[in-house]
2 protein chains.
Amino acid sequence: MGRVASHDSHLRMTGQPMPSLHRRHTVQAITTRCLDSETIIPYYPAMQKTARQSQPAAQPPGRPREFDMDTALDGAIRVFCERGYHATSIGDLTAAMRLATGSVYKAFRDKHAVFLAAFERYASVRGEQTRAAAARGANGREKLRNVLLSYVEHSKGSEGRRGCIVVGSAVELSAVDPVMRARVTAQLKTNETFIAGLIREGQADGSVPDHVEADDTARLMICMTQGLRVVGKARLPLDGERLVGVAMKLLA
Amino acid sequence: MGRVASHDSHLRMTGQPMPSLHRRHTVQAITTRCLDSETIIPYYPAMQKTARQSQPAAQPPGRPREFDMDTALDGAIRVFCERGYHATSIGDLTAAMRLATGSVYKAFRDKHAVFLAAFERYASVRGEQTRAAAARGANGREKLRNVLLSYVEHSKGSEGRRGCIVVGSAVELSAVDPVMRARVTAQLKTNETFIAGLIREGQADGSVPDHVEADDTARLMICMTQGLRVVGKARLPLDGERLVGVAMKLLA
DNA sequence: CGAATTAGGGAATGGTTGCTTCCTATGTCT
DNA sequence: AGACATAGGAAGCAACCATTCCCTAATTCG
């Protein structure tokens, strides 16, 4: 039973995420906008002393980064989604990111930081896709329908098999890693308020009946979407039209 | 990239689940009935040559087991649900099962076998609970309502925080462990046909309209239930009455 | 009773992992 | 040029993990 302070101790203990006093760094953070575009979350592409302060396009000193952070993170997303956090070794990570070990550890504090950055990017990209799907609808009801359909499509086939990093984090880490748990719940709430917003929009434009309970329905729909990712990862076939057709009854 | 045959190699490679020729053993398997009570799945409490053949109460030779297998497995279920497969060390396991390392390995081939046995017991227990919930309903519709309510209750609070081993397996293992993937999909299908059966029962007794598509609705409800476990693990509050109230619209 | 057999439990083992540290080469800034 | 920072790889380290070994009980069979 006695296990004390290991490498990834902050994942196994209830403790804090380690104050990161390794190098104090006021990062010039690349920010990504999230689903509801309310919250702006920074992720750390590297550690570099802030450039000049008010010259946003100024290139920092030193050799510029050769690899593209986003494509590297896309690789990280791929493995993390597929295998989860614990089963992904640094070797898996460097292979997927096409980076050497040293480079990874130069760009990120540790494995956990890579995971967080991958999570951030995933949330940002998926949020954009979802908002795009919504935008293709004429009214609240149509938007909602498109959003649900988009969720099903992303839960199917090879992408579905790969899995969702949010669901993965919730299941694998939320009991044991307070940082990721906070991030996951925030993400779920963001998505939920986005959906609730669409329902209210539908009620305003008359495409959704007024007696629909926006918040409860939104929460149930979040359950549906998260469950879709679980079921999709287990490779059960999913038929978008049929499932969404049934789901739209919730707006009756 | 080069990783060859590690401890839990059959989990990391695409390979087979290892033919288990370690010791050939015709186990006198303790069997558990599953949700739909159609399939009988053996799990391996130990390796003992079959006793006499047709004397079910005959005690096998050797020192009898001291611990209760089911309570030990309940402990295993607890940690596996909470931390998942990979993050659970043998130390965690022995602590939770209140067994010494050697005893665990005497009773099970390896960690994977413990996990499978825990999964089996979990499925069996939860199946019984679900069937009990259904039995408390007067007609198909009521049964369904009770089942959904039971799912929400189990996804809430401390049990919800602990999590569901089926969801955990789906997310953490199904991409990488064909044995568990098969087990997970089988379980999901079993649950799905159970729900579909309740819908049809409701249609037969008049409590559910005939135009409801039983299969599609059942699949969507499975997504809901699995999603509930994800959301519950992320600790979002869940209100059974409200959520199920909304969900019952699917039977309109 | 002895032989056979199995469980209990803890110590030992061997391999892997995450992480760190070196090193040299390279590119961009002041 | 000099400072700085990245790239990439190799080598190393301490920790940990899953598994095995081994010795001690407890029970049945002959």
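This one's a predicted model, so the numbers in the text were calculated from it and none came from an experiment. Labels below follow one simple rule: chain letters A, B, ... track the order of the sequence lines, proteins then strands, and each chain is numbered from 1.
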Given C/dG8, C/dG18, D/dA7, the nucleotide with the shortest approach to the side chain of B/Phe67: C/dG8
To the nearest 0.5 angstrom, please state how far the CG atom of A/Asp177 sits from the CZ atom of A/Arg183. 12.5 Å
5' precedence on DNA chain D between A/Gly102 and B/Gly102 (nearest-nucleotide basis): A/Gly102
Interatomic distance where CG belongs to A/Asp110 and P belongs to C/dT20 [whole Å]: 7 Å
Rounded to whole Å, how long is the line connecting atom CZ of B/Arg98 with atom C1' of C/dG9? 15 Å
Residues in side chain to side chain contact (heavy atoms under 4.5 Å, CB included) contact with A/Thr185, at least two apart in sequence or another chain: A/Arg181, B/Ala234, B/Leu236
What is the separation between atom NZ on A/Lys106 and atom P on D/dG8, rounded to the nearest whole Å? 11 Å
Please report, rounded to the nearest Å, how far the P atom of D/dA7 is from the CG atom of A/Asp68. 12 Å
Would you work out how much the helix from C/dC1-D/dG30 to C/dT30-D/dA1 bends between its ends, with each end axis defined by five base pairs, to 10 degrees? 10°
Nucleotide D/dC17, atom P - distance to NE2 of B/His86 in whole Å: 13 Å
Side chain of A/Ser89 only, heavy atoms from C-beta on: which candidate in D/dA26, D/dC17, C/dG18 is closest? C/dG18
So, does the side chain of B/Arg63 form a donor-acceptor pair with the base of D/dA25 at under 3.5 Å? yes
Side chain proximity check, A/Tyr85 to B/His86, heavy atoms < 4.5 angstrom: no
D/dA7 P sits how many Å from A/Phe108 CZ, rounded? 10 Å
Taking OH from A/Tyr85 and C1' from C/dT17, how many angstroms apart are they, rounded to a whole number? 12 Å
Report the nucleotide, chosen from D/dA7, C/dC19, C/dG9, that has the shortest atom-to-atom distance to any side-chain atom of A/Ile90. C/dC19
Residues at least two apart in sequence or cross-chain that pass salt bridge (Lys or Arg N to Asp or Glu O under 4.0 Å) with A/Lys156, listed by chain then number, are A/Glu153
Picking from C/dC19, C/dG8, C/dA11, which would you name as closest to the side chain of B/Thr101? C/dA11
Using the side chain to side chain contact (heavy atoms under 4.5 Å, CB included) criterion, which residues pair with A/Ala76? Sequence neighbours excluded. A/Phe80, A/Leu93, A/Met97, A/Val114, A/Ala118
Reckon B/Tyr105 has a side-chain N or O less than 4.0 Å from the OP1 or OP2 of D/dT19? yes
Could you check whether the side chain of A/Lys111 and the base of C/dG18 have a donor-acceptor pair of N or O atoms closer than 3.5 Å, going by distance alone? no
Both B/Glu66 and A/Ala100 contact DNA chain D. Taking the nearest nucleotide for each, which residue is further toward the 5' end? A/Ala100
Atom CE of A/Met97 to atom P of D/dA7: distance rounded to whole Å? 11 Å
With sequence neighbours excluded, residues passing salt bridge (Lys or Arg N to Asp or Glu O under 4.0 Å) with B/Arg63: B/Glu66
For residues 222-234 of chain B, which residue pairs pass the side-chain hydrogen bond (donor to acceptor under 3.5 Å, both in side chains) check, not counting sequence neighbours? B/Tyr122-B/Arg229
